[in-house]
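Hydrogens, waters and symmetry mates play no part in the numbers below; they use all other heavy atoms, side chains included. We number each residue from 1, following the sequence as shown.
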Amino acid sequence: MIRTPRPIIVLLACLLSVLSMDARADSGLPGVEQSVEAWYVVRGWVTDFALPDAASPAARTGVDDAFACCLILRQSGRVLGVGTATETEGRMLHRATTRALSMALADPALRALPDDIRESIGAKLTVELEITGPMQPLIGHTPAEFQDDIHPLHHGLALRWNEKWSMKFPSRLRGMNRRADVSMLDGMAISLGLGSGLRNALERDGIAAYRFRTIDLAQSQPDAPPQLVVGGTMSQPPALPGVDDLSMARDSLLTHVRSRQWPGEEPLGLVGSYDPSTDQYEPIVAPTLDQAMTAWALGRVANSTSIDRPSRDAARDTAAELLAALLTVEETTPVENAAILLAMQTNGIDHDITMDFPAWWLCEDCDNWDPETAPSGHDLALMSFAMSESPDIHDRALARQLADLAWERTPVTRQVSLMPWIVWTELTLARSGDSMPSSYHQDGHELESLRGLRQLVMERQVPPGDTRFGAELAGGIVLGERPVHVTAKSLRPFAAMPAMYQHEQITTAEDREEQFARLQFAMRFLLQLQVSEADAALYRTPSRVSGGIRMAPWDARMPTSAQVMALVTLSDVIDLLPAKTPEPPPGDGVY
């Protein structure tokens, strides 16, 4: 074996520290050391934009126990070339590089360059090399039987028909905003020539389905060293983020949110949610509710004491522009009115919007609501929070009614969906000191209900070291049963955690150590969802994704609602933490 140079040994130590213990022990992973060496070999070929002769010893560079590889060449995020190959073809790395460079040379923009410039283009490309471990057979007669054996982050899919293979590499799926799922096996079967898809095919000889794990190495710049791509990112968050980590994340997210302002002169506010795989905003203009909630979140940031003056002013100015656009909207729903009211209150704008707010009618006529058009429990909770913030006692009485309706109309198993609004409503009403009997709770039991709701959430928080869900999902909330159900929806309960932590009746002295640790775990998962500046190189338009919050580690879509919840959560947690986060207590910790 080639002696590994010292700089690569240092790099290997860093890369190994990123892999979880269960991943390092997994026989389904190829060797990291050989994978890094292979990456550097391929990097050299790409830089030279030329390959050694196929018969030369250099062309036979490989990785022990690897079955296949996928090479992706990018220029400023845009994919120029992709090449895949299997070990059964021989000279796996050489073949994959040949195919990737051939695809790059066929690119119209590259073909139009003068020869001397085209020959030097290789040094300006970034290299991502994903190498699979051995194929792991999926056992069963139907694809449905495989579902629980496929992790959305850890596995790719393969289908074999005799000697023909169809493979779905995680790196390629990520670029299309897809994940390994049994639903794609039919299409893979058709691509192999099985015209009827996978129907009854698994019972035939010569046909088998597999999952596989990979070592994925990529770089942020053409001259940067390779980094492991884990959880869809090259930048892994610390296990217990401190205030500096969270402040950097908040500032980066604030820049991302402000970049979504409508680029034209028309007062249209924001563009819609962003999908990096298509490089499109959907819809082009953000809905009224999303615009109002963004203005509210920016107002919360502007009122924070932990952010610098220029950033505070920028947040306030952006919020003002959004509100100016919102006040020109002629037709709004009750929940949109509630969001606009919240944004105005938070940004200190006086406007008698409550005179036009139709929530009174909703309460008076709630018995006649059409089940198909009635506000959801989540919307009722948001409306109740908007009214609870009012200085008028009649508005707060209305908030009490709306909160009770939200509780009553939401099954206990789904009451997590009321967060964070119902938590903030109950705490605000309790703080006001008004005597407002609840029709849902026994007298004085509202805060006990919040404790119970938090306990339900905490029971579903993924602990570190969980082998089924994986280290990448640690701290997230399982809003379902499987790893695929740990997503940015966790941000809703996260947003309520700082306020609950600070309330002495909800978090007693005995609870504080555990709840602080759980809050830090939650922030670890939030940071896992964020795309860092370095990670942006993995996307087709890096400037549009940097700092944004993904829907999930395997789902790069960036909904406006996720940016809002993350921005508020980060701001509130930073205000809660001391300037220097204390070291975790000795011992085994929460888990």
Side-chain angles (χ1 to χ4, degrees), residues 16 18-35 38 62-71 84-89 92-93 96 129-174 178-189 191-192 194 197-198 201-217 228-232 465-473 481-484 486 553-554:
L16 284 168
V18 173
L19 287 176
S20 61
M21 290 301 295
D22 62 299
R24 274 182 263 173
D26 192 329
S27 61
L29 280 171
V32 178
E33 181 175 348
Q34 274 197 314
S35 297
V63 178
D64 294 342
D65 297 323
F67 179 77
C69 70
C70 177
L71 174 63
T84 62
T86 64
E87 189 61 48
T88 57
E89 296 178 273
M92 180 182 73
L93 294 172
L129 179 64
E130 187 170 31
I131 303 174
T132 80
M135 296 294 102
Q136 301 172 338
L138 292 167
I139 309 302
H141 298 294
T142 65
E145 297 179 49
F146 307 152
Q147 190 65 65
D148 290 340
D149 296 326
I150 301 171
H151 193 286
L153 282 174
H154 297 164
H155 295 129
L157 281 181
L159 191 67
R160 177 182 60 82
W161 182 23
N162 296 323
E163 301 304 316
K164 296 168 64 177
W165 287 86
S166 175
M167 301 186 69
K168 298 293 184 182
F169 290 84
S171 58
R172 292 293 289 145
L173 291 173
R174 187 178 64 242
R178 300 286 302 278
R179 59 179 173 81
D181 184 83
V182 295
S183 63
M184 59 182 60
L185 284 171
D186 259 342
M188 295 168 68
S191 72
L192 289 177
L194 292 165
L198 211 57
L202 291 172
E203 298 179 2
R204 293 163 49 184
D205 290 337
I207 297 176
Y210 304 84
R211 70 179 190 183
F212 57 86
R213 298 197 66 162
T214 69
I215 290 289
D216 190 357
L217 295 163
L228 273 174
V229 179
V230 179
D466 186 283
T467 55
R468 182 187 175 208
F469 286 85
E472 305 91 341
L473 302 184
E481 299 297 331
R482 298 187 288 117
V484 74
V486 186
W554 55 86

For side-chain contact (heavy atoms from CB on, under 4.5 Å), just list the numbers for T88 and E163, CA-CA rounded to whole Å, side-chain angles, deciding distance to a tenth of an Å, and then say yes or no. CA-CA 9 Å; T88 57; E163 301 304 316; over 6 Å; no
Nearest heavy atoms of L217 and S35, plus distance in Å: CD1-O, 3.5 Å
Of E87, R213, M167, which is the lone residue that meets side chain to side chain contact (heavy atoms under 4.5 Å, CB included) with T132? M167
Gap between atom NE2 of H154 and atom CZ of F212 - 0.5 Å precision: 14.0 Å
What are the two closest non-hydrogen atoms of V63 and P30, and how far apart are they? CG1-CB, 4.3 Å
Which pair of non-hydrogen atoms, one from P143 and one from V182, has the smallest distance, and what is that distance? O-CG1, 3.2 Å
Is the backbone N or O of D149 less than 3.5 Å from a side-chain atom of R211, with the two atoms forming a donor-acceptor pair by type? yes
A96 and L71: which non-hydrogen atoms are nearest, and at how many Å? O-CD2, 4.2 Å
Do V484 and R179 come within less than 4.5 Å of each other through their side chains, counting heavy atoms only? yes
Can any side-chain N or O of K168 pair as donor or acceptor with the backbone N or O of G156 at less than 3.5 Å? no
Looking at CG of L198 and CE of M184, how far apart are the two atoms once the value is rounded to the nearest 0.5 Å? 13.5 Å
Step-by-step side-chain contact (heavy atoms from CB on, under 4.5 Å) determination, E130 to I215: CA-CA 6 Å; E130 187 170 31; I215 290 289; over 6 Å; no
So, the side chain of E89 versus the backbone of A85: is there a donor-acceptor pair under 3.5 Å, distance only? no
What heavy-atom pair brings D148 and R482 nearest, and what distance separates the two atoms? OD1-CD, 3.0 Å
Scanning both residues in full, the closest heavy-atom pair of L173 with A180 reads CD1-N, 3.5 Å
Validation row: T86, M92 side chains within 4.5 angstrom (heavy atoms): no
Separation between CZ (F146) and CG (L157), nearest 0.5 Å, reads 9.5 Å
Could you walk me through whether L129 and D216 pass the side-chain contact (heavy atoms from CB on, under 4.5 Å) test, one step at a time? CA-CA 6 Å; L129 179 64; D216 190 357; over 6 Å; no
As an exercise, state the distance from OH of Y210 to CD of Q136, rounded to the nearest 0.5 Å. 11.5 Å
To the closest 0.5 Å, what do you measure between CG (L473) and NE2 (H151)? 5.0 Å
Side chains of D181 and Q147, donor plus acceptor under 3.5 Å: yes
To the nearest 0.5 angstrom, please state how far the CE atom of M188 sits from the CG atom of L194. 11.5 Å
Below 4.5 Å, heavy atoms only, C-beta onward: do R174 and V229 meet side chain to side chain? yes
Between L192 and L159, is a side-chain contact (heavy atoms from CB on, under 4.5 Å) present by the stated rule, with each step listed? CA-CA 9 Å; L192 289 177; L159 191 67; 4.2 Å; yes
